[in-house]
Amino acid sequence: MKYPNVKGTRDFAPDILAKRKYILNIIESVFKKYGFLALETPALEQLDTLTGKYGDEGDKLLFKVLNSGDFASKVDDNIWSSKQSENIAKFISEKGLRYDLTVPLARFVATNRNDITFPFKRYQMQPVWRADRPQRGRYREFWQCDADILGSNTLINEAEILTIAVEIFKKLNIPIQISLNNRKILEAIAEKLGISEKFNLFTVLIDKLDKINFVDLSKDFENIGLSKDKIAELSKILSTQYFNKESINIILESLNNNANAQKGCDELLEILSFISLIEKFDANIKIDLSLARGLDYYTGCIIEIKCSTAKMGSIAGGGRYDNLTGVFGLPGVSGIGISFGIDRIYDIMEEMQLFNDVKTTDTKIVLCQFDKKGQLYNFKIAAMLRENGISCEVYPDLKKINKQLEYAEKKGIEYVIISGEEEINSQILSVKNLKSRIQEKIDVKNIISYFK
RNA sequence: GUGAUUGUAGCUCAGUUGGUUAGAGCGCUUGAUUGUGGUUCAAGAAGUCGCGGGUUCGAGUCCCGUCUUUCACCCCA
């Protein structure tokens, strides 16, 4: 431990990376199947691009990068001597590591609007960085896999995003619980309670309700200006258990048929009706009015997905944002997207032992030998195998045969070819399956077809 | 960012009120076995006790700082 990793960052050894790639490949294949195209953006963005999009807390978690050159000498003495880090930072840092993939996407779309065919469907799988305190399932460098659709308002997009998520987790064998809500309903509730100006604080409290019960939070609600009566009213609205026409009417009634609420409810119903068209769609979807999500840019439907059997935060999340490109000078382009957190997905799959079938190597055969002559022979055979698309390796050292077999065994390679004088003279190879421990004699002429 | 917590061999962990040369299991290397790996047996190698400083005759053990881990806040994938 002489050179520990930076806090919250990890190395991915080959066996770990193989499993991560397994997850990434499944996600990517589903994204592609739905018509999304790949995009990559730089790790670094201008700080102006990043700040102000994630809420105050989000801004604090941005990693900032020092300017190049002799930046210190250019800073005003008064600023330096103020010793206020935040203040000084503005003068010595103008770049930062990206915090998510959605804001860079919005920047990209706004900048390249003339070259993009809308609706723009892009996927992106890259690391992001947050200066958070690490914990289980929480890292400072982690990967997000996003799929977003920009420039289309219709709710078929929401429905497709949901089906993508269901398909991915089905393929990964992770049992999930999907929570759905609409920010418009939350806005209507805040309106009705007379705390629209404190909407963000309100959503933060709402979001805690799955952890802390209503009674324990009531003091916090009082602090943002809610009377006891109004808290009781809020409690009644949020206690709606089933989302159907009847319960919606009750909600709407208690909100005086607020137009925003009506729209939010209609949207949720339409999404559900889309999904009901798919026959074999068995997903655990619940409408949860206490789902809020912290990111400031969401305006419509919001989605959060958790593993229903693991003690872990959300493993995917997303929603609709109506005006994110607007802050980059391109108003009127609505977007919807979802983000999968593959580090958490990995942790859960490791716990559930879902990686049993994942191979760490593509090598199918290790060619072993007893002496130099055997190795030369193997080198020739290996070239022939590779030419025919069979991935193999020649054991590079002249160690004892049991060491060579152990090597293949440990790497999870299925076959070995053992070459000695006998094999070279007869042109008949000894092929051993390490799993079944069965050894066969195969004529060199037939070796390709044997492995194909 | 606030408050806790962790670190001893490659891995999992012992290590007494501070006291000789810091241990175990697994793994690793070698041999039993010079044409065949999952068992067995035997032998062996391996540690600046996270790092830096301090207290002490003496520190793995006590104190301070720092890095890392985990946890609760905060927030989120």
Side-chain angles (χ1 to χ4, degrees), chain A residues 1-10 13 23 27 54-62 85-86 99-102 125-146 165 200-201 203-205 207-208 210-212 220 291-296 298 302-307 310-318 337-348 366 368-371 374 395 398-424 430-439:
Chain A
M1 285 292 274
K2 237 178 183 176
Y3 304 101
N5 282 355
V6 169
K7 190 201 288 277
T9 67
R10 297 143 305 148
I23 300 172
I27 293 175
Y54 307 110
D56 291 343
E57 289 300 322
D59 284 354
K60 284 182 197 158
L61 298 180
L62 287 173
S85 307
E86 228 172 289
Y99 179 92
D100 72 355
L101 302 177
T102 310
M125 308 197 294
Q126 287 188 281
V128 301
W129 293 267
R130 294 181 189 178
D132 223 340
R133 280 270 172 101
Q135 286 181 36
R136 179 184 131 88
R138 166 185 273 187
Y139 305 97
R140 287 187 146 183
E141 178 183 60
F142 62 98
W143 280 57
Q144 292 194 326
C145 302
D146 282 33
N200 283 339
L201 288 173
T203 57
V204 168
L205 289 180
D207 220 18
K208 285 184 191 179
D210 60 335
K211 265 192 194 171
I212 309 167
D220 295 303
L291 173 67
R293 295 186 61 75
L295 298 177
D296 279 359
Y298 291 119
I302 43 182
I303 305 160
E304 191 164 278
I305 300 176
K306 288 185 172 182
C307 171
K311 193 176 169 282
M312 178 78 80
S314 57
I315 52 179
I338 188 165
S339 179
F340 296 83
I342 78 151
D343 303 82
R344 286 182 177 178
I345 291 172
Y346 177 95
D347 289 346
I348 285 171
V366 176
C368 308
Q369 60 269 326
F370 294 104
D371 50 24
Y395 193 83
L398 297 178
K399 284 193 182 166
K400 280 191 174 180
I401 197 74
N402 58 348
K403 293 294 155 202
Q404 303 184 39
L405 293 174
E406 261 173 38
Y407 169 83
E409 169 73 24
K410 277 189 185 163
K411 283 188 74 178
I413 296 162
E414 206 173 345
Y415 292 96
V416 290
I417 288 177
I418 302 168
S419 300
E421 207 156 358
E422 222 180 287
E423 285 82 3
I424 298 171
S430 293
V431 178
K432 181 164 186 175
N433 183 317
L434 291 182
K435 272 186 196 156
S436 65
R437 312 194 105 198
I438 293 170
Q439 188 161 325

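What's counted below: heavy atoms across the whole structure, side chains too, no hydrogens, waters or symmetry copies.
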Item to check | By ring-ring contact (aromatic ring centres under 6.0 Å, His included) - contacts of A:F370 (at least two apart) | outcome: none

Next on the checklist: Could you work out, with ring-ring contact (aromatic ring centres under 6.0 Å, His included) as the rule, every residue matching A:Y99, not counting sequence neighbours?
Outcome noted: A:Y54

Kindly say if [X] contacts the phosphate of [N], meaning a side-chain N or O under 4.0 Å from OP1 or OP2.
{"X": "A:Q404", "N": "B:U36", "answer": "no"}
{"X": "A:K208", "N": "B:C73", "answer": "no"}
{"X": "A:K435", "N": "B:G38", "answer": "no"}

Item to check | Secondary-structure string, 5' to 3', Watson-Crick or G-U under 3.5 Å, | for another-strand partners, for RNA chain B | outcome: ((((..(..((((.....[...)))).(((((.......))))).....(((((..]....))))))..))))....

Is it the case that the base of [N] and the side chain of [X] share a donor-acceptor contact (distance under 3.5 Å, atom types as modelled)?
{"X": "A:R130", "N": "B:A77", "answer": "yes"}
{"X": "A:R344", "N": "B:C76", "answer": "yes"}
{"X": "A:K7", "N": "B:U68", "answer": "no"}
{"X": "A:R133", "N": "B:U2", "answer": "yes"}

Next on the checklist: Need to verify one output field. Residue with the more 5' nearest nucleotide on RNA chain B, A:A131 or A:D343?
Outcome noted: A:A131

Checklist entry - side-chain contact (heavy atoms from CB on, under 4.5 Å) between A:L101 and A:V128: does it pass, once the steps are laid out? => result CA-CA 7 Å; A:L101 302 177; A:V128 301; 3.8 Å; yes

Separation between the [atom1] atoms of [N] and [M], rounded to whole Å:
{"N": "B:U56", "M": "B:C73", "atom1": "C1'", "result": "40 Å"}
{"N": "B:U66", "M": "B:U2", "atom1": "P", "result": "11 Å"}
{"N": "B:U30", "M": "B:U17", "atom1": "P", "result": "43 Å"}

Checklist entry - Between A:D59 (CG) and B:C76 (C1'), how many Å, whole number? => result 15 Å

Next on the checklist: Quick check, does A:F142 stack with B:A77? I mean ring centres under 5.5 Å and planes off by under 30°.
Outcome noted: yes

Give [X] one of three labels, base, sugar-phosphate or nothing, depending on what nucleic acid heavy atoms sit under 4.0 Å from its own.
{"X": "A:G374", "result": "nothing"}
{"X": "A:K399", "result": "nothing"}
{"X": "A:D100", "result": "nothing"}
{"X": "A:G58", "result": "nothing"}
{"X": "A:V416", "result": "nothing"}
{"X": "A:A408", "result": "nothing"}
{"X": "A:L434", "result": "base"}
{"X": "A:Y139", "result": "base"}

Please write out each protein N/O paired with an N/O of nucleotides 33-35 of chain B under 3.5 Å, distance rounded to 0.1 Å.
unit_1: B:G35; atom_1: O6; unit_2: A:E422; atom_2: N; d: 3.3
unit_1: B:G35; atom_1: N1; unit_2: A:E423; atom_2: OE1; d: 3.1
unit_1: B:G35; atom_1: N1; unit_2: A:E423; atom_2: OE2; d: 3.3
unit_1: B:G35; atom_1: N2; unit_2: A:E423; atom_2: OE2; d: 2.7

Nearest 0.5 Å, what's the [atom1]-[atom2] distance between [X] and [Y]?
{"X": "A:T203", "Y": "A:I302", "atom1": "OG1", "atom2": "CD1", "answer": "8.5 Å"}
{"X": "A:D207", "Y": "A:L291", "atom1": "CG", "atom2": "CG", "answer": "6.0 Å"}
{"X": "A:T9", "Y": "A:Y139", "atom1": "OG1", "atom2": "OH", "answer": "11.5 Å"}
{"X": "A:E421", "Y": "A:E423", "atom1": "CD", "atom2": "CD", "answer": "10.0 Å"}

Checklist outcome for this item: Contact string for nucleotides 42-47 of chain B, one letter per nucleotide 5' to 3', B = base within protein heavy-atom range under 4.0 Å, S = sugar-phosphate only, - = neither, reads ------

Checklist entry - Can you name the nearest heavy-atom pair linking A:Q369 to A:Y395, along with the distance? => result NE2-O, 2.8 Å

Pairs under 3.5 Å (N/O, protein and nucleotides 27-29 of chain B):
unit_1: B:C28; atom_1: OP1; unit_2: A:K410; atom_2: NZ; d: 2.7

Next on the checklist: Whether the A:K411 and A:Y407 side chains hold a donor-acceptor pair (N or O, under 3.5 Å, no angle test) is what I'd like checked.
Outcome noted: yes

